Protein chains: 2
Amino acid sequence: MTTTTIPEVVVLRLPLYVRVLAALEGRGQGVVSSQELGTLLHATPAQIRKDLSYFGRFGKQGRGYQVSNLLKELRHIMGIDREWSVVLVGVGQLGSAILTYGGFAPQGFNILAAFDADPSKHGAAIGNVLVQDIAQIKSEAQRLGVHIGIVAVPVSHCQRVVDLLVDCGIRAILNYAPYQPTTPPGVWVRDIDPVVALQSMTYHLKTAEDQW
Amino acid sequence: MTTTTIPEVVVLRLPLYVRVLAALEGRGQGVVSSQELGTLLHATPAQIRKDLSYFGRFGKQGRGYQVSNLLKELRHIMGIDREWSVVLVGVGQLGSAILTYGGFAPQGFNILAAFDADPSKHGAAIGNVLVQDIAQIKSEAQRLGVHIGIVAVPVSHCQRVVDLLVDCGIRAILNYAPYQPTTPPGVWVRDIDPVVALQSMTYHLKTAEDQW
DNA sequence: AACAACGTGTGAAAGTAATCACGAGGGTCA
DNA sequence: TGACCCTCGTGATTACTTTCACACGTTGTT
Ligand SMILES: NC(=O)c1ccc[n+]([C@@H]2O[C@H](COP(=O)([O-])OP(=O)(O)OC[C@H]3O[C@@H](n4cnc5c(N)ncnc54)[C@H](O)[C@@H]3O)[C@@H](O)[C@H]2O)c1
Ligand SMILES: NC(=O)c1ccc[n+]([C@@H]2O[C@H](COP(=O)([O-])OP(=O)(O)OC[C@H]3O[C@@H](n4cnc5c(N)ncnc54)[C@H](O)[C@@H]3O)[C@@H](O)[C@H]2O)c1
């Protein structure tokens, strides 16, 4: 058995592949070439083929890839052909918006519980969940069999909340606080920070301006 | 004049450098070594030094970097020592949340106007801005001298809205729709999609599970 | 003043990732 | 059936990134 370990860049691209394949399927397209996928993904055909070849041989020479089949395979590879249990920590402005956002559940990410440190929020119902005391998180997380945590607390609390989630056995964390928490090996973190995204663009805007 | 072009990976890291330097400054720390920065950024000291060396020689041997000075320099390099004018397109659930989020203005990103296609939203005041008709965007963007656009419309409208922004002369776009729009060269786009972030983690969760 | 400890800046080396380019098949149609 | 056009999968190549390792300046100590 030849288990090559997959480059992380490839793993980061897989969800994008799934996203466009799902769009193609929704549009009723049966077959797609690496050429066409490349155009849709702003990547070269060679990169698409190389990426997919890490996982198997899904295409047919002379034709391309069968959309529905490739989609099914990739979903399985990524582990998104199943449901994942998610908890949210921090039910403020952002946390409330996340709870009412309808984009997670259809993708198999079910936010089963929400926790906050502020007692005045406990018992409130937002989206489909009841806000609970953060002190309850360990027992609840274990009871619910939670896989993933979403962090929406102020920067100053980010690290301690992440530590808490790790202590609950959670090994994947989506972090909205503008801070990179430290985690033990085997715990995955993705940070979302729109300000950082904006700032990496102003560098280019400025640089374009500068060459007068 | 030796103008090496800066690797994009480096540009993407600069905002993170600024973020931790600002925290260090706020905490009153005067000097920092590449070693310590590396720890805070989960990077090697060598990488920090190499990254900074693209832009100049900011450190002092045997000591490290003066926090406030390095911060000032990086802010200037990134073009975030000034104000940027931003418009939002799509004032729905997410768009409204963005308008009321207090995290952009302190970093110099001023959302000056918001546009929506739905007439029933026109005239509404959300955050500090009035929602206007999308038809007005070109004249308004030009009047306001807008640099950056934020897109929060449904996927189906993403490409056309992006095209519109480009037509307004905007060359930096923060896109929240789960779709990668096509843009002409010289236009910068950053996509934010929490689902994609989650999906790239489930791959690892699944893989960890699989090795029983 | 000599020495030790420290930490930068940077070429060189090692490690990753993207692209090239081509053999091998699949599909189509006369 | 065979000629021709497509497009995959992949080793080889090229390009890019990270890490190494050390000369050299700075600070502090005796
Ligand atoms: N990435 C993004 O798109 C984005 C957008 C908005 C806000 N943010 C960030 O998200 C975070 C929250 O922002 P917000 O506007 O919702 O702030 P907020 O103050 O409205 O909400 C924070 C919530 O976290 C709770 N909290 C604090 N410490 C806690 C703890 N230890 N355990 C559990 N709950 C705790 C508070 O009680 C509060 O309800 C901030 O870090 C902010 O910078 C990110
Ligand atoms: N990345 C994220 O964190 C995140 C979170 C939530 C939603 N989203 C995405 O953001 C988008 C908006 O989500 P939402 O929940 O706010 O949806 P929504 O339906 O509440 O809002 C969309 C708004 O866009 C407006 N709109 C549509 N077409 C337009 C056009 N051509 N010009 C101007 N305005 C137009 C609509 O009138 C509506 O007000 C969706 O693509 C969604 O998937 C992303």
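A, B, ... follow the sequence lines: proteins, then strands. Residue 1 opens every chain. It should be emphasised that the depicted structure is a prediction, and the values quoted were computed from it without experimental measurement.
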Show me the side-chain donor-acceptor pairs of residues 176-187 of chain B shorter than 3.5 Å, one per line, residues at least two apart or across chains.
residue	atom	partner	partner atom	Å
B:Y179	OH	B:Q159	OE1	3.2

Tell me which donor-acceptor pairs under 3.5 Å the side chains of residues 95-105 of chain A have, and how far apart each pair is, sequence neighbours excluded?
residue	atom	partner	partner atom	Å
A:S96	OG	A:G92	O	2.7
A:T100	OG1	A:S96	O	3.1
A:T100	OG1	A:A97	O	3.1

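Heavy-atom contacts of chain A under 4.0 Å fall on DNA chain D between two terminal nucleotides, which in 5' to 3' order are D:dC6 to D:dA12.
When each of B:H76, B:M78, B:R82 is tested with A:K206 by the rule side-chain contact (heavy atoms from CB on, under 4.5 Å), just one qualifies, namely B:H76. When each of B:R49, B:K60, B:E73 is paired with B:Y65, the side-chain contact (heavy atoms from CB on, under 4.5 Å) condition holds for B:R49 and for no other.
Relative orientation of the B:W188 and A:H204 rings is parallel, given thresholds of 30° and 60° on the angle between their planes.
In this structure, OH of B:Y54 is placed 12 Å from P of C:dG11, rounded to the nearest angstrom. Rounded to a whole Å, the CG atom of B:D51 is 13 Å from the P atom of C:dT8. For B:R49 and C:dC6, the CZ to C1' distance is 11 Å, given to the nearest whole Å. Rounded to whole Å, the distance from CD on B:E36 to P on C:dG7 is 10 Å.
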Between the protein and nucleotides 27-30 of chain C, list every N/O to N/O distance that falls short of 3.5 Å.
residue	atom	partner	partner atom	Å
C:dG27	OP1	A:K60	NZ	3.3

Please produce a list of atom pairs where a protein N or O lies less than 3.5 Å from an N or O of nucleotides 12-17 of chain C.
none

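Contact detail for A:V91 and A:F115: the closest heavy-atom pair is CG2-O, 3.8 Å.
Using modelled atom types and a 3.5 Å distance limit, the side chains of B:E83 and B:S85 yield no donor-acceptor pair.
Between the side chain of B:D116 and the backbone N or O of B:D118, at least one donor-acceptor pair lies under 3.5 Å.
Residues passing the ring pair (Phe, Tyr, Trp, His ring centres under 6.0 Å) test with A:H157, sequence neighbours excluded: none.
Rounding to the nearest 0.5 Å places CG of A:N128 at 9.5 Å from CD1 of A:I111.
Under 4.0 angstrom from either OP1 or OP2 of C:dT8 there lies at least one side-chain N or O belonging to B:S34.
Inter-residue side-chain proximity for B:V10 and B:F55 is flagged as met; some heavy-atom pair is nearer than 4.5 Å.
Of the residues near DNA chain C, B:R57 and A:A43, the one whose nearest nucleotide (by heavy atom distance) lies more toward the 5' end is B:R57.
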